[in-house]
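Order of the sequence lines fixes the chain letters, A, B, ..., with proteins taken first and strands second; residue numbering starts at 1 for each chain.
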Amino acid sequence: MRTHLCGDIRFGQIGETVSVCGWVGRRREHGEHLAFVDLRDHSGIVQCVINDDVDVRSEYVLRISGVVRERPEGTVNDSLPTGSIEIGDCEVQVLRVATPPPFPIDARADDVDENIRLQYRYLDLRRERMQKNLRTRSKVNAAVRSAMDEQGFVEVETPMLVPSTPEGAREFLVPSRKEPGSFYALPQSPQLFKQLLMVGGVDRYYQMARCLRDEDLRADRQYEFMQLDMEMSFVDQDDVLEAVSASVLAAAEAATGERPTPIEQITWHDAMDRFGTDKPDLRFGMELVELTDVFGDTEFKAFSGADAIKGIKVDGGAADYGRNQLDKMTDRAKGAGAKGLVWMKVTDEGFDSPVAKFLSDVEVGALKSAMAAETGDLVLIVADEWSTTCEVLGMLRNDIGRPPVHEGPYRYVWVVEFPLFVGRDKETGAPKSGHHPFTMPHPDDIDKFDTDPMAVRSIAYDLVLNGWELGSGSIRIHEPELQRKVFMALGISDEEAERKFGFFLNPFEYGAPPHGGFAFGLDRLVAILAGEENIREVIAYPKTQSGQDPMTNSPIPGDPKSLLELGLKVLPQVD
RNA sequence: GGUCCCGUGGUGAAGUCAGGAGUUCACGCCGGCCUGUCAAGCCGGAGGUCGCGGGUUCAAAUCCCGUCGGGACCGCCA
């Protein structure tokens, strides 16, 4: 039907008779005998000069045959790749007339209500931005597959209908018709299947796995999302990081055309200490400064006796933040668990701050020098438990300094040595797993299990890109003794372990190799590489924050006949 | 479950704080003119349940209450 794509025609085709197909973008009519039509396909647009009187309107689908020619002097359009040529002597074939679209099929639709864009997603997808995003995603997928294949990984598909598991994210349930009252779950990840593949001798597994979690949606979260899921046998942490790095960097290069720098590493403790988060955005500084010693003997009640005192400095921020904003910042700090937030504006004399009068001259001097603060800077200080101090300042650091997603370099970082346990169960008081209960404890910390369980590190690691958590993984426990020890610390009895995880752990008895793995979110990676703040922009048919699809109107009420067949009865809504 | 922002012809916005006739701007759409435009230009026209419901008022897009929808965030996401 066509000989060329619209956006591909260049000077080299001058004189050739070509046929192109696409949609009518903008048209400029000058009466019956001259009209310019921008014909658009996924590759771009090309100007067609039409001298006949044909009725051609927005988004009509056309096949145009004509001769490529140089544009007359003075009519070249430098803003188009095809701007120095045009197609003349056009024969126009209308393949399909079209109703005017509800919004312009160009960059102006970026401002259109997202609900409308999703309702007419097929029109939204015609736009250059969405075409680019879909193609970036495709390239990333292809690069990841190829990188995994080159490293000897075997792509294995795991089931979508799986048993419900007690731990982790809320699952989507699928009723069984053959066994009314019984349900499958949709997988929140292929975790157990991939570990059993290791028992099965696959050695190196990967999958572009669709994962489903029935948790509330966010800019970086959808009910269904894609992970590069992988698992390796007979490896240590470095082997896994190397394999994942190769894949991620290949994907990044495929998407951006630039080879990223090698991925750096930071321990979880350092990440918290310096950036106040386990997913630090390394594109900007504003690191947390240790101030505990500065106020070691302070008379100021809010500081004295605090477990950890830290501060961040906003260069030249004194003038940018008024009382109102500082109050809001304080509220946010309190909302995040801090007892309060101390702000200090640096002046020539000292500090302008509600608490300045409580500080001695020595403290003021030491603070200034520790923060390297200069006149006009804003200093924010939190004094609290170490983790609260770090987390609150980390949040403020992001609020204040974090650049938009499309800005700055790509800063990949491995966060390693995550704690094995995070927080405690509200009811039982037992520690909770940071990653999952099958994560290998750090060998140097085994002796702390009884004395200081919360200090036990694990062989678990996250991959972070510009402040987004791309994914996480761990070396798994493959020995029963160690697994029992971890279950004990988690307050899980042998009976409970057998009941909850027996189907998963019993196969290990037949010879589980040492193994470990990783999974990273492809949607997030693609979004960042495409410069999008929101993963919905890199998903062809995403759902809204309330889990609806405005195009198909799903979810829809169950058909009574189907419900009957499945043995289901819908109860009235209870408030 | 919670906090905040948004909802006005097909699209985007202004009007809302401080109530006074569905008012305005841009794009799009329809018709006319136009042989070198490129967000073409000029002339004319059509198009609205101001998300929905209730309340206050002589009078509500505007104030109040509720509700629905969208978005950002917190909780949640082993």
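Counting any heavy atom pair closer than 4.0 Å across all strands shown, A:E114 reaches sugar-phosphate atoms only and no base atom. Looking at heavy-atom distances under 4.0 Å, A:N534 makes contact with sugar-phosphate atoms alone, never a base. Residue A:Q191 is classed as a base contact, given a heavy-atom separation below 4.0 Å to a base. Using a 4.0 Å heavy-atom criterion, one finds that A:P102 contacts the sugar-phosphate atoms exclusively. Within 4.0 Å (heavy atoms only), A:S79 reaches no atom of the nucleic acid at all. A:E32 comes within contact range of no nucleotide atom at all, as no heavy-atom separation falls under 4.0 Å. Residue-level contact check: A:N77 touches the bases, meaning some heavy atom is under 4.0 Å from a base atom. Residue contacts shown for A:T165 are absent, as no nucleic acid heavy atom lies under 4.0 Å away. Across all strands, A:R27 comes closer than 4.0 Å only to sugar-phosphate atoms, never to a base (heavy-atom distances). Using a 4.0 Å heavy-atom cutoff across all strands shown, A:G83 reaches no nucleic acid atom at all.
The phosphate of B:G70 (OP1 or OP2) has a side-chain N or O of A:S546 nearer than 4.0 angstrom. Contact between the side-chain N/O atoms of A:R57 and the OP1/OP2 oxygens of B:C30 is found at a separation under 4.0 Å. A close approach under 4.0 Å does occur between a side-chain nitrogen or oxygen of A:R28 and OP1 or OP2 of B:A40. Phosphate contact (OP1/OP2 of B:U37, side-chain N/O of A:T75, threshold under 4.0 Å): absent. Between A:Q188 and the phosphate of B:C77, there is no side-chain N or O to OP1/OP2 separation shorter than 4.0 Å.
With hydrogens and angles left out, the side-chain atoms of A:D549 and A:T552 include a donor and acceptor closer than 3.5 Å. Judged purely by distance below 3.5 Å, without hydrogens or angles, the side chains of A:E479 and A:Q483 never pair a donor atom with an acceptor atom.
Using modelled atom types, no side-chain atom of A:D214 and backbone atom of A:F172 make a donor-acceptor pair closer than 3.5 Å.
Ring geometry, A:W386 versus A:H269: the interplanar angle falls under 30°, so the pair is classed parallel (tilted spans 30 to 60°). Note on ring orientation: taking the six-membered ring where Trp is involved, the planes of A:Y122 and A:Y120 are perpendicular (angle over 60°, cut-offs 30° and 60°).
Residue-nucleotide stacking is not present for A:H30 and B:G36, judged by a side-chain ring centre under 5.5 Å from the six-membered base ring centre and planes under 30° apart. For A:F103 and B:U11, the ring-to-base geometry does not satisfy the stacking test (centroid distance below 5.5 Å, interplanar angle below 30°).
Judged by atom type and distance alone, A:Q47 reaches the base of B:U37 through a side-chain donor-acceptor pair under 3.5 Å. In terms of polar N and O atoms assigned as donor or acceptor, the side chain of A:R26 never comes within less than 3.5 Å of the base of B:A40 in a complementary pairing. Residue A:R71 places a side-chain atom within donor-acceptor reach of the base of B:C38, judged by atom type and a 3.5 Å distance cut-off alone.
In this structure, A:K432 fails the cation-pi test against A:F421, since its NZ or CZ atom is not both closer than 6.0 Å to the six-membered ring centre and inside 45 degrees of the ring normal.
You'll find the side chain of A:Y321 reaches within 4.5 Å of the side chain of A:I400, heavy atoms only. Contact of the A:V240 side chain with the A:M232 side chain is registered, since non-hydrogen atoms from C-beta on lie closer than 4.5 Å. The shortest side-chain heavy-atom distance between A:D462 and A:K279 does not fall under the 4.5 Å cut-off.
Between the C1' atom of B:G2 and the CG atom of A:D331 lies a distance of 15 Å, rounded to the nearest Å.
Listed candidates were B:A78, B:G70, B:U11. Nearest to the side chain of A:Q548 is B:G70. Relative to the side chain of A:R69, the nucleotides B:G36, B:C29, B:G12 differ in distance, and B:G36 lies closest. For A:D111, counting side-chain heavy atoms from C-beta on, the closest listed nucleotide (B:A78, B:G69, B:G12) is B:G12. For A:S433, the side-chain atoms get nearest to B:A78 when compared with the rest of B:A78, B:A40, B:U11.
Near-neighbour residues of RNA chain B inside residues 211-224 of chain A, defined by a heavy atom below 4.0 Å, number-ordered: A:R213, A:E215, A:D216, A:R218, A:A219, A:R221.
Nucleotide B:U67 is matched to B:G51 when pairs are restricted to Watson-Crick or G-U wobble geometry with both distances under 3.5 angstrom. In a base pair of the Watson-Crick type (N1 to N3 plus N6-O4 or O6-N4) or a G-U wobble (N1-O2 and O6-N3), with each distance short of 3.5 Å, B:G45 is matched with B:C29. With a 3.5 Å ceiling on both atom-pair distances, the Watson-Crick or G-U wobble partner of B:U3 is B:A72. Of all nucleotides present, none satisfies the Watson-Crick or G-U wobble test against B:A21 with each distance under 3.5 Å. Nucleotide B:A59 is matched to nothing when pairs are restricted to Watson-Crick or G-U wobble geometry with both distances under 3.5 angstrom.
With RNA chain B read from its 5' end, the first of the two nearest nucleotides for A:P104 and A:V76 is the one closest to A:P104. Residue A:T544 is the one, among A:T544 and A:R170, whose nearest nucleotide of RNA chain B lies closer to the 5' end (criterion: closest heavy atom).
To the nearest 0.5 Å, the span separating OG on A:S58 from CZ on A:R27 amounts to 4.5 Å.
Remark: the separation of the C1' atoms in B:G7 and B:G12 is 13 Å, to the nearest Å. Across the P atoms, B:A61 and B:G53 are found 12 Å apart, a figure rounded to whole Å.
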